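Okay, structure first, notes after.
In this chain, residues are counted from 1 in sequence order. What you see is a predicted model; the values in this text were computed from it and never measured.
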Amino acid sequence: MITAVLLAVTTVSVSQSRAEFVQIQGQRMLAIAENMASTPLIRDDIAAPEADVVLAPDVEKARTLSGASIAAVTDSSGKVLASSDPQAVGDRLDLAQSRAPLGRSWTGNLTLSGRRTIGARVPILQADGTVSGVVVVAEDYPPLGGSLAAAVPDLMIFLGMGAVLGVLGSWLLSRLIRRRTRGLEPREIADLADNREALLYSIREGVIGVGIDGRVTLLNKTAIELLGLPSNVAGERVDELPLSAEVKELLLDTSDGEETAAVTGSRLLVLNRRVVGSRGRPIGTVTTLRDRTEMAELESRLAANQSITETMRAQTHEFFNQLHTVSGLVQLGEFEEVRSFIGTLTRRRAEINDDISSRIEDAAVSALLVAKTSLAAESGIELRLSESSALGPLEPSLAADTITVLGNFIDNAVDATAGLSGVIVLVDLGDNDSMITIRVSDPGPGVPEDLEHRIFNRGFTTKPVPASGRGIGLALVRLVCARRQGSVGVHNLDGAVFEATLPYPAPVR
């Protein structure tokens, strides 16, 4: 600020000093030139043969008394007849540079012998009014140092004012910065930023901060990887990022939120959101993200194992009931009834197995359906395969994904219809050599309309055992479908109808 004021005042002062010099010295040179032009000796002897000798004393006397740099007398064409500089006699001055008629007085800038001067030109008039010559008087411009020296008093005044303003402005700016930075020095701020960056990137969980204006304020490398974002999104609006609508909604929510699950890409994430503030006012939210994909898969496998255990338990229970019946008939001696009873059981089991295996050629999927049929029967529910179902052998990873989707759909249908009488859960499987279609319908109460679009998004639960494993199934179904770029959905039609598609490159066999 002081430097700017000093430069401005210097420029103005030098300009004013030059302008003042031109005005005062121009009038002074004009007065001297008029006095010389009106001198009878100069007016009478200008036409003398030796005018340079005759006029030289008067010209030099006028220059000396006035303090001018040069004084000269020329004829009407500009030829120097007498001059205070003898070497200039005979030279020709450019009178046209004055831009004034020859018969009029003029003052202004003149270039004499290559020097820029402030000069005056006055015509020498004879009695009949004719112009017999011209008197030229000029003074050199002072050097720049002289102009600066003349401006020193003003410079000191304004420099003092600038210093006062600079000190005051610096003090106010310092107080503002200290208040904004909470009294931290620049080095401390840099250290704090470095430590924050190191801490942020050392956290294994994903961390993303969102301001109250909906812009990303901070995020670490883990969050970038989990959300599939570019590395330079800090400062961008959340609603403009390449994220799913569900994740955007969770990040933009301005309330605390714990353990909320969301599926993004091929990952199942658990988000934990906290509102943060400073000095009593909210400044945004900080959300941590944990990748629960592997854990969800493990929980799904555990649930599948539990389902197999339940199936085996149901089959064991059924086997013991049948075995007790056979034992009682043998004790009663009803051997014909024993033969008939065992034949009926054998035919029934064979019918179920033949009905499923004739249309479902993949052994793993077929085994799942047989097991789920027995488990559903334990609850008084009939699991029926549609007449149009057909599925060929599948490669292992596709068979595993099919089992995950189908098993979760059947479990949800059985849970939804438990306690109802005359329930038939219909399973429909299709394969067109490039996509597997899975549809499971039940006559239960259906899915509320407000949950149809969210039931696959937020199926995660943190309920303790024995409820552990429930709620993760549908989120895992969506994850499996997303990995294969398929789809999953639910709608109501005399109950709930769950549908999923699993595309795969053809052929896979």
Side-chain angles (χ1 to χ4, degrees), residues 244-246 261-266 268 296 300 303-304 307 356 359-362 364-366 368-369 372-373 376 381-392 394 397-418 420 423-460 470-506 508:
S244 65
E246 174 196 2
V263 177
T264 171
S266 60
L268 176 65
S300 177
S307 176
I356 294 176
R359 282 174 286 178
I360 307 300
E361 299 179 29
D362 186 84
V365 178
S366 177
L368 175 71
L369 286 172
K372 292 297 184 182
T373 299
I381 298 172
E382 179 184 354
L383 183 65
R384 182 181 298 174
L385 189 64
S386 69
E387 295 295 333
S388 60
S389 294
L391 187 67
L394 305 177
S397 63
L398 181 58
D401 288 346
T402 303
I403 290 173
T404 298
V405 176
L406 181 59
N408 279 290
F409 279 180
I410 293 175
D411 288 343
N412 277 278
V414 171
D415 288 343
T417 55
L420 301 179
V423 174
I424 298 177
V425 174
L426 186 63
V427 177
D428 184 81
L429 292 174
D431 181 10
N432 63 359
D433 291 333
S434 64
M435 179 185 298
I436 294 176
T437 303
I438 304 172
R439 182 183 297 106
V440 176
S441 56
D442 65 75
V447 178
E449 292 184 2
D450 59 332
L451 295 180
E452 287 185 5
H453 299 291
R454 297 189 299 164
I455 193 171
F456 296 97
N457 298 339
R458 302 186 183 183
F460 184 79
R470 293 186 179 273
I472 195 66
L474 294 181
L476 187 60
V477 167
R478 181 188 173 191
L479 187 63
V480 169
C481 293
R483 283 179 174 176
R484 291 198 173 268
Q485 298 181 344
S487 63
V488 62
V490 61
H491 64 275
N492 292 323
L493 182 63
D494 297 327
V497 179
F498 287 83
E499 294 181 289
T501 59
L502 296 174
Y504 62 90
V508 297

Correct closest heavy-atom pair for Cys481 and Ala500 would be SG-CB, 3.9 Å
Between the CG atom in Leu502 and the CE atom in Met435, the distance rounded to the nearest 0.5 Å is 9.0 Å
Per side chain to side chain contact (heavy atoms under 4.5 Å, CB included), Leu429 is matched among Thr437, Val440, Leu369 by Leu369
Margin query: As a quick check of understanding, evaluate side chain to side chain contact (heavy atoms under 4.5 Å, CB included) for Phe498 and Val447, giving each step before the final call.
Written below: CA-CA 10 Å; Phe498 287 83; Val447 178; 4.2 Å; yes
Correct closest heavy-atom pair for Gly446 and Asn492 would be CA-OD1, 3.4 Å
Note: Leu368 and Gly407 closest approach over all heavy atoms is CD2-N, 4.0 Å
Here the pair of heavy atoms bringing Leu385 nearest to Arg359 is O-NH1, 3.6 Å
Output for pair (Asp411 CG, Lys372 NZ), nearest 0.5 Å, gives 3.5 Å
Of all heavy-atom pairs linking Pro503 and Gln485, the shortest is CG-O, 3.6 Å
Problem set entry | Side-chain (Thr501) to main-chain (Gly486) donor-acceptor, under 3.5 angstrom | no
Rounding to 0.5 Å, atoms OG (Ser389) and CD1 (Ile438) come to a distance of 10.5 Å
From the list Leu383, Thr373, Val427, side chain to side chain contact (heavy atoms under 4.5 Å, CB included) partner of Ile356 resolves to Thr373
Applying side-chain contact (heavy atoms from CB on, under 4.5 Å) to Asp362 and not counting sequence neighbours gives Ala364, Val365, Leu394, Ala399
Between the CZ atom in Arg483 and the OG atom in Ser397, the distance rounded to the nearest 0.5 Å is 11.0 Å
| Check against side chain to side chain contact (heavy atoms under 4.5 Å, CB included), Phe409 and Val425 | CA-CA 10 Å; Phe409 279 180; Val425 174; over 6 Å; no
OG1 of Thr402 to CD1 of Ile436, rounded to nearest 0.5 Å, is 3.5 Å
Of all heavy-atom pairs linking Leu493 and Val497, the shortest is CB-CG2, 4.1 Å
By side-chain hydrogen bond (donor to acceptor under 3.5 Å, both in side chains), Ser244 pairs with (sequence neighbours left out) none
Rounded to the nearest 0.5 Å, the CG atom of Asp428 sits from the CD atom of Glu387 at a distance of 10.5 Å
* Given side chain to side chain contact (heavy atoms under 4.5 Å, CB included), test Asp401 with Tyr504 step by step and report yes or no. => CA-CA 11 Å; Asp401 288 346; Tyr504 62 90; over 6 Å; no
For Asp494, the side-chain hydrogen bond (donor to acceptor under 3.5 Å, both in side chains) test, sequence neighbours excluded, returns none
Check your understanding: Is Pro443 close to Val423 at the side-chain level, that is, under 4.5 Å between some pair of heavy atoms?
Key -> yes
